[in-house]
Structures are given as structure tokens and as C-alpha cells.
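As the structure is a computational prediction, the values presented were derived from the model and not from experiment. Numbered from 1 within each chain, the chains take letters A, B, ... in sequence-line order.
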Protein chains: 2
Amino acid sequence: MKVEKVYMTKEAKELVNKDNLFKQSYDEVVASICSAVWPMKSKTFKINNSQKNGNGVVPVKELCYAMLEDTYNWYREKPLNVLKLEKKKGGPIDVYKEFTENFDIKRVGLEFETGNISSAHRSMNKLLLGLKRNEIDLAVILMPVYELSYFLTDRVSNYEELEPYFEITEGKPFIYIGFNADSFDSSVPLIPKGKDGMSKRSIKKWKDRIENK
Amino acid sequence: MKVEKVYMTKEAKELVNKDNLFKQSYDEVVASICSAVWPMKSKTFKINNSQKNGNGVVPVKELCYAMLEDTYNWYREKPLNVLKLEKKKGGPIDVYKEFTENFDIKRVGLEFETGNISSAHRSMNKLLLGLKRNEIDLAVILMPVYELSYFLTDRVSNYEELEPYFEITEGKPFIYIGFNADSFDSSVPLIPKGKDGMSKRSIKKWKDRIENK
DNA sequence: TATGGATCCATA
DNA sequence: TATGGATCCATA
């Protein structure tokens, strides 16, 4: 996969340009999404472009998650304290890592969005809440660009459709990353839809880290 | 239907409490949602509570829209200029009215949310964008409370699930209204799902108003 | 039961 | 084609 479009708010640019830990977090996210391939044995991500909305989305995230968790030690499903402690409703942040150097700690929250585009708005709002409550220091949203989403399940999140709303996060350290397939090829297998594509790899959850302490 | 939970940001309270036009807009929304009934000939809204997620949602909005449009002259599908003029992606605001008195004009945007809860986040963000660009002066979101949503299509928007995110709109004039059925009754018909419930009533669109000028 | 998601629909 | 929505799924 390749990164095709990136938008950083002014605040995010500052962090990434001037701080090594934030720079590292950004680089890890980019390296992880770039590591995704299709078909499984391929060295690049080729998408079957023979039919609009022909491919499912579930396997798309697998290799990226694997690299974030296994290579870079990010954690999955970090609950927001604001929701947990105040007994409010709401689920965890998708992917999370604390970068430390001496006594410095930088917390980065990432949402990998392949759900319905409306779901990307919830992700934005969740990350906004995390920033507002000072539970993360940088927010990142990863999603397909339009050109790729055209061949995935109808109405999945895509960079271009969320773009008009980027300005809502002005003043906050927010990064939006749009990725695309490396190539389009009508001869590669379609990515299966439904549960067929579910991976069984056990995920590296924040909860488990906490409990094992 | 009855209004069961209401949250107004400080800014919204000020507007509604101190300004007759804003007060009127709020009253019209409340009167309209309260006018919804089920079954069709009934005088109140009775929901079949015999099975979780048993009822569809489409017909729920019909009477409310009808009253807003026909009795109170609200318009449907008002495009945001920020999206239209700047050629950005994005659809219109669901319901809209300009209240005028002498040279005073108050613009109210309303989203009636019965889609997936994630869709309510998009509605929030769209209204935020409208406020930010000074295209509306007050934002309102109408949705079922949890107790009612339990008997509607799985995962529809509900007041309680959006509630933790209300604080994102702090500092903006925002009103959240949660409505509930008047009673629960396992003998009334289930509200049909799918296209069966579609009404054919032609809606009062902002576009048409503009074009008829 | 709670929550993020995946999928396909209806209409303009 | 574009966009909001409606519906049901998978997992904890």
C-alpha cells in the first residue's frame, strides 16, 4: 500500500517536525500501512478493479495492525478514561502507543477507518474527546483514498469525503492519512466480503497489558 | 411521541431563553416531534415492544417532517455554502428555517437522526461546520432515547450513546433532543422495515424554494 | 448487553 | 456518480 494524501493541522505539523518521538510515531504508522500487501504472497498491494465495490475491507487492515502491534509495540483498544471513569458510554481508541524518552512521554491515538464513512466522524469525535481531556497528545486517522474505496465495500470511509470536515479539528494536533493500492489489476483475487476474510490472529490489547502488570 | 431528554449548551440556553425567534424555533421542533403517532390512526405513539430491534425507523420521521414543513414552513435539504461554493463534497442540512422579525434573521438547522449512531456524529459535524461558517445560528439534533431505540433497528442513533460527545460542541449553540414513545404495547403492529415503510409525500425542499424565486 | 463495524439501499 | 441512510453482524 502507499500513502497518497496527508493533511496535518498546523499543530500536528509542529509536533511532527520538531519532536523526534512524534516524528517516530508518524513514521511507524506510515511504515505499517505501507507494509500491507494483496494477494497475501505478493510484495505490493494490488486491488482487483474489475467491479465497483467488489472487494471486502476486513483483510485490508490485518497486515497494518500486525506491524503496528508486533514490530512497533502499539496497543489495541485503549479505553478513554473520560468514558471509563465517568461511567459514560463509548468504546476504546483503536490503536494507541506511548512514546517515552527520559521523562518525556508522548501519547498517540490512531483510528484505522474502513467502516462506513459516517463511522469516520465518530472516530474523529472520539480522538477530539481524547485530546480535549488530555489523554492523547496527537491524533491520527488512517483511511483509503477515494480511488481505492471505489473498489471496496460501498460507502466505506475515504479521505476525500471526510476532507471538508478536517477544519473542525483546526487548533488540535490532528493528522489525516489517505492510502491507496500500489496498483490496480483485474486478475488478482477479489478480497472476500463478510466473515470469510476474518483473521484469527490474536490482537495486542491495551486491556491485557494493564491486567498483566 | 414525547420529549424525554434535552440538553442545551450554555450558548443555546441563552438564545432560547432570551430570544423569541429562537424560542419559537425550539417550540416548533418539539411540537412537531410530539405530533408523531403510531399506529397511523392513533392519537399517541405506541411502539410494539415484543421484540428487540423489531421495528423499522423510516415511518417514525414522517409525521414530524410533515408538521415542520406543512405547518411551520421549515425546508428540507438546505445545502451548506461552504460545501457548495467551495466545491467540496458533502450533502445538505436535513431541515432548515429562517425566522425573521423586522430586520432580524435567525437561521436554525435541524438534523433528525434515525440512521446508525455513527451517522449522528456526521450530523453533529455538519451542524458544527454550519455554525463555524456562520450559515446557521442554532443547531438542533433530534433522536430517539435509548429505551425507544431498543425496539427499533439495531444500532440506530440514540440520545444516551451520543451524550458523551455533547461536550465537543461546548461553546456553540447546540441542542440535543431525545424523544420516546408515549407507550409500549405488544399488541400494536410492528413498524415495517425496508422500503415497505416509505412514504410518497413530496418533501418541501430548499432547492425548490430557491429555484422558484 | 454494548460497541465498532461491514454491508447494501434509495434517491437525486 | 454522490450522499445520507437503514439494516444486520461480530465480538467482548
Does the pair A:Lys5/A:Glu163 count as a salt bridge with the N-to-O cut at 4.0 Å?
-> no
Between B:Tyr150 and C:dA2, does any side-chain N or O lie under 4.0 Å from OP1 or OP2?
-> no
OP1 or OP2 of D:dA2 less than 4.0 angstrom from a side-chain nitrogen or oxygen of A:Tyr146, does that happen here?
-> yes
Reckon A:Thr153 touches a base, only the sugar-phosphate, or nothing at all at heavy-atom distances under 4.0 Å?
-> base
Interatomic distance where CZ belongs to B:Arg76 and C1' belongs to C:dT11 [whole Å] | 12 Å
Does B:Glu161 or B:Lys52 map to a spot on DNA chain C nearer the 5' end, using the closest nucleotide for each?
-> B:Lys52
From CG of A:Asp94 across to P of C:dG4 the rounded distance in Å is 10 Å
Atom pair CG (B:Leu129) and CD (B:Glu135), whose distance is rounded to the nearest 0.5 Å | 8.0 Å
Report yes if at least one side-chain N or O of B:Arg122 is closer than 4.0 Å to OP1 or OP2 of D:dG4; otherwise report no.
-> yes
Do B:Asp154 and D:dC9 share a donor-acceptor pair, side chain to base, under 3.5 Å?
-> yes
Contact class for B:Thr114 vs. all strands (heavy atom < 4.0 Å): base, sugar-phosphate, or nothing?
-> sugar-phosphate
Just how far, in rounded Å, is P of C:dA10 from CD of B:Glu62?
-> 15 Å
With no angle test and no hydrogens, is the base of D:dG5 tied to the side chain of A:Arg155 by a donor-acceptor pair under 3.5 Å?
-> no
Lys NZ or Arg CZ of A:Lys52 over A:Phe151 ring: under 6.0 Å, within 45° = no
Answer yes or no: does a side-chain N or O of A:Lys193 lie under 4.0 Å from OP1 or OP2 of C:dG5?
-> no
Under the salt bridge (Lys or Arg N to Asp or Glu O under 4.0 Å) rule, what pairs show up with a residue in residues 27-47 of chain B, not counting sequence neighbours?
-> B:Lys23-B:Asp27, B:Glu28-B:Lys97
Proximity of A:Phe166 and A:Tyr159 rings by center, below 6.0 Å = yes
Would you say the base of C:dG5 and the side-chain of B:Asn116 have a donor-acceptor pair closer than 3.5 Å?
-> yes
Short side-chain N/O contact to C:dG5 OP1/OP2 from A:Ser119, under 4.0 Å = yes
Short side-chain N/O contact to D:dT3 OP1/OP2 from B:Lys126, under 4.0 Å | no
Which part of the nucleic acid, if any, lies within contact of A:Glu113, taking any heavy atom under 4.0 Å across all strands shown: a base, the sugar-phosphate backbone alone, or nothing?
-> sugar-phosphate
Distance in angstrom units between B:His121 NE2 and C:dT3 P, rounded | 11 Å
Atom CD1 of A:Ile93 to atom P of C:dG5: distance rounded to whole Å?
-> 12 Å
